[in-house]
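Let me begin by presenting the structure, written as structure tokens, before commenting on it.
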Amino acid sequence: MVERLSFYLERSSPLHRLNPTTKLVVAFTLILVAFLGPGLLLPSLIFLLILTPLSFVGQVGREFLRTTVRLLLPLFAFLFVMQSLFYPGGKTVLFGFWIFSVKLEGVRFAFLTATRVLVMVSSFLLLLFTTHPGVLLLDLTQRGLPASVAYILASTLQIIPQMQAKAATILDAQRSRGLDTSGSLGRRIRALLPLVGPLVFGSLVDVEERAIAIEARGFRSSRPKTSLVEIEDRPLERALRWLCLLAIILALGSRLWP
Amino acid sequence: MKLIDSIKKDFNTMTLVLIPVAIAINVVIGQIVVLLRLPVYLDSIGTVLVGAICGPWAGALTGTLSNIIWGLLIDPNAFPWFPVALFIGFVSGWCARFGLFRTWWGVIITGFLVAITAAVVSTPIAVYLYGGITASGSSFITAFLLQTGRDLVTAVLSTNFLVEPVDKIATALLAYAIIRGLSRRYLMRFPRAENVLPAESKK
Amino acid sequence: MAVIEIQNLTYTYPATSHPALREVSLTVEAGEFVAIIGPNGAGKSTLCYTLAGFIPHFFKGELQGEVRVAGQDIRRVRLEDWVLKVGLVFQNPFNQISGAKFTVYEEIAFGLENIGVPREEMKRRVEEVMALTGIEDLADRSPYALSGGQQQRVALASILVMQPEVLVLDEPTSQLDPIGTREVFQVIRRLAHQGVTIIMAEHKVEWIAEYADRVIALAEGRVIGTGTPADVLTDPRLPDYGIGISRYTAVARRAAGEGLWPAERRLPVTLDEAEAGFRAVEEAHAHLH
Ligand SMILES: Nc1ncnc2c1ncn2[C@@H]1O[C@H](COP(=O)(O)OP(=O)(O)OP(=O)(O)O)[C@@H](O)[C@H]1O
Ligand SMILES: [Mg+2]
């Protein structure tokens, strides 16, 4: 199991220095353009000509490509097989075997869907690889994200690695006491409960004290909050974000009035 | 104004501290289930728990943020599915408010209603983003239904109706088991504890 | 001047039938260091939570009698304002980390952000308390990746930075190893010297004997003794209530049974007093021979 806060990798690249919201807006723009824009090749071009080069600018190119492949390869294999065989409305048979036939429309559809999902997943990955989640949350809070939501996200990111470590410990302990985590389905279902019980109750008991602790630190104060860190935002980035909005409108327009 | 008050009531400090734990429960149990190769997800036990004891709005927020965390930490493919998780928390919260979390059969009904909601909400996402075929094994059923001449939406929706109930009923029952294991003194700190405490001991 | 005044406080947690505190009265003067002792379940934590405002505001339940800090009635003041007057540090260091922040520096600033302190002042105050608690070198570490003693000092710093008038500590070292315990006590000692008003529930009587101005003994929710450490900690009833006593007191009490402790002398609570007493006995013996 993973034991890290997010995909973030520390580097000193121009991409890392960008304002987090700018990166978020760019990611959403690329995704919307890929899904709304015209043409079969647009999403793949976005990936090849924008996202991949950017990932190298951000000095995370290798990890970016590796993770993208790891997360999407099984889906893509599945998608191509299923859609090329079962796409409803497929007419142009490319070739056939036994009772199956591969149809051109299916292959085209699979390609378009796959590359759109590719843009969606890899845009977010690029954002996450180059942005510390704490910095992203800070920036969003300064732009109006409720403090309680930021608190929930930050503290979840820190609790999960601990709970994963605890789960691993419990799993080892149960295994050494003869718990069977392989074997038949029935066995595996029965293995679940002794794992889940200690994990869940152990973490729930702390909730009351932790609530007291944050109230003791003025978390529920009704005064306007201030912030220790200020996240930089340059006029150039603001301009870039307006440009993104323009791109989204254009993509939408191409969809509505083709 | 009534709506805002009802939303506000869900979020006391206990709720805000419980939600991260609930999301962590979703994620870690979700991963254990994958590790044990069980044919269910069980990745929303925490969401149902929060819905039941803190209310539908808190449940909805837990579901939404749970998907965001899953996307940040494990797989960005999870982001677009957040409306499904949102409704899982919301519906279980309302079921609890109608008293369905006091008995095990009420909990089974909750699981079923949650499953129906999840099936309906996930269909447009699966159809629009993924063309109906996702990486899960249930896509074989979708493919089979497509082959027998159903249209895409019907095929995906029927598949979801077939696979969701088992997972969501198991999820709701596990959340119920957790609630039964918590003391009254502990539960009372949450804004909607009266939803789950047995009626006769209510004061 | 009395900072804290409690009169006839009786408190019952919700859904319980027996009060956790019964007719408790006490006053604490500004700059005083008051220790609370008592066996498990005596009500020490309950008293700490009351002073810190979490009873009745967080726990609800039924509160009778008067609790005042700086002249204000606890029932009239909102919890969010009360926590600025009285800071609370409790046992489990881990549960006191907010979770909202990724470094120790930010963690300590969290409280100041919440109450709207301007950035420059925030930095100054954070750095001040980091120096006071000796954790400057931890500034950029994750608060979760620390030892118990370090975490507890971060918790202490996070409360001190808010500059409360009174500091309430509920067994702050009971979950720490000896090294962590020493680290934390060193900081508390420093605070006591600076004249911070401190109220601390604590089992370690030897430590109390040395630093507390006054001791309050609780049992079953009642105050069973109050006075200087020397008076309260040598009270012969303490063991009956299940309250541990200092090993110096224990040894001297044995010795007194054998006639080896000066009859007119009160039993010792610290090493120095024990030494002085036994030296006196020795000298008396030398005279006899
Ligand atoms: N949240 C609560 N709800 C109901 N009863 C409680 C609660 N917390 C404590 N009590 C009860 O109140 C009494 C006093 O408990 P308290 O925790 O104050 O004791 P303590 O002196 O701090 O003990 P310890 O040395 O174990 O920390 C006990 O009988 C306990 O069971
Ligand atoms: Mg206690």
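Just so we're on the same page: letters track the sequence lines, and every chain starts at 1.
Heavy atoms only, all atoms of each residue included: A:M82 and B:A143 are closest at CE-CB, 3.3 Å. Among all heavy-atom pairs drawn from A:T156 and B:A24, the shortest one is CG2-N, 4.4 Å. Of all heavy-atom pairs spanning A:R210 and B:V21, the tightest one is NH1-CG2, 3.9 Å. For the residue pair A:R220 and B:T13, the shortest heavy atom distance occurs at CG-OG1, 3.5 Å. For the pair B:G131 and A:Q83, the tightest heavy-atom approach, listed with the atom from each and the gap, is O-NE2, 3.0 Å.
Heavy atoms closer than 4.5 Å to chain A are found nowhere in B:I45, neither backbone nor side chain. In this structure, the portions of A:L153 lying under 4.5 Å from any heavy atom of chain B include both its backbone and its side chain. Heavy atoms closer than 4.5 Å to chain A are found nowhere in B:R150, neither backbone nor side chain. Using a 4.5 Å cut-off between heavy atoms, B:Y130 touches chain A through backbone and side chain atoms alike. For B:F144, no part lies under 4.5 angstrom from a heavy atom of chain A. With a threshold of 4.5 angstrom between heavy atoms, B:D151 does not approach chain A through any atom at all.
A donor-acceptor pair is defined here as one N or O able to donate and one able to accept, closer than 3.5 Å; no such pair exists between the side chain of A:R116 and the backbone of B:L129.
Here the CD1 atom belonging to A:I212 is positioned 8.0 Å from the CE atom belonging to B:M14, to the nearest 0.5 angstrom. In this structure, CG in A:L171 is found 7.0 Å from CD1 in B:I32, a value given to the nearest 0.5 Å. To the nearest 0.5 angstrom, A:R188 atom CZ is 7.5 Å from B:L36 atom CG. To the nearest 0.5 Å, atom CD of residue A:Q164 and atom CG of residue B:L73 are 6.5 Å apart. Note: B:I133 CD1 to A:F109 CZ = 9.0 Å, rounded to the nearest 0.5 Å.
Heavy-atom pairs under 4.5 Å with chain A peak, among B:I23, B:L146, B:V27, B:L16, at B:L16. Listed options B:L18, B:I69, B:I19 were ranked by heavy-atom pairs under 4.5 angstrom with chain A; first place goes to B:I69. When the candidates A:Y8, A:F124, A:F219 are compared by the number of heavy-atom contacts under 4.5 Å with chain B, A:F124 comes out ahead. Interface check for chain B: of the options A:L128, A:I159, A:L71, A:T113, the most heavy-atom pairs under 4.5 Å are formed by A:L71.
Side chains of A:M120 and B:P80 form a contact here, defined as non-hydrogen atoms less than 4.5 Å apart. Residues A:K166 and B:V28 are not in side-chain contact: their nearest non-hydrogen atoms beyond the backbone lie 4.5 Å or more apart. A:L193 has its side chain within reach of B:L174: a pair of non-hydrogen atoms, C-beta onward, lies under 4.5 Å apart. Side-chain atoms of A:I152 and B:L61, non-hydrogen and from C-beta on, do get closer than 4.5 Å to each other. Using a 4.5 Å heavy-atom threshold, the side chains of A:E208 and B:V17 count as separate.
Identified by a heavy-atom distance below 4.5 Å to chain B, the contributing residues of residues 194-207 of chain A are A:L195, A:V196, A:L199, A:V200, A:F201, A:S203, A:L204, A:V205, A:V207, in residue-number order.
More than 12 heavy atoms of other shown residues, nucleotides or ligands fall within 6.0 angstrom of atom CZ in A:F47.
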- Query: Step by step, would you call B:R37 with A:L185 a side-chain contact (heavy atoms from CB on, under 4.5 Å)?
  - Reply: CA-CA 8 Å; B:R37 289 171 292 118; A:L185 180 63; over 6 Å; no
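Ring pair B:F140/A:F78 is perpendicular by interplanar angle, where above 60° counts as perpendicular and below 30° as parallel.
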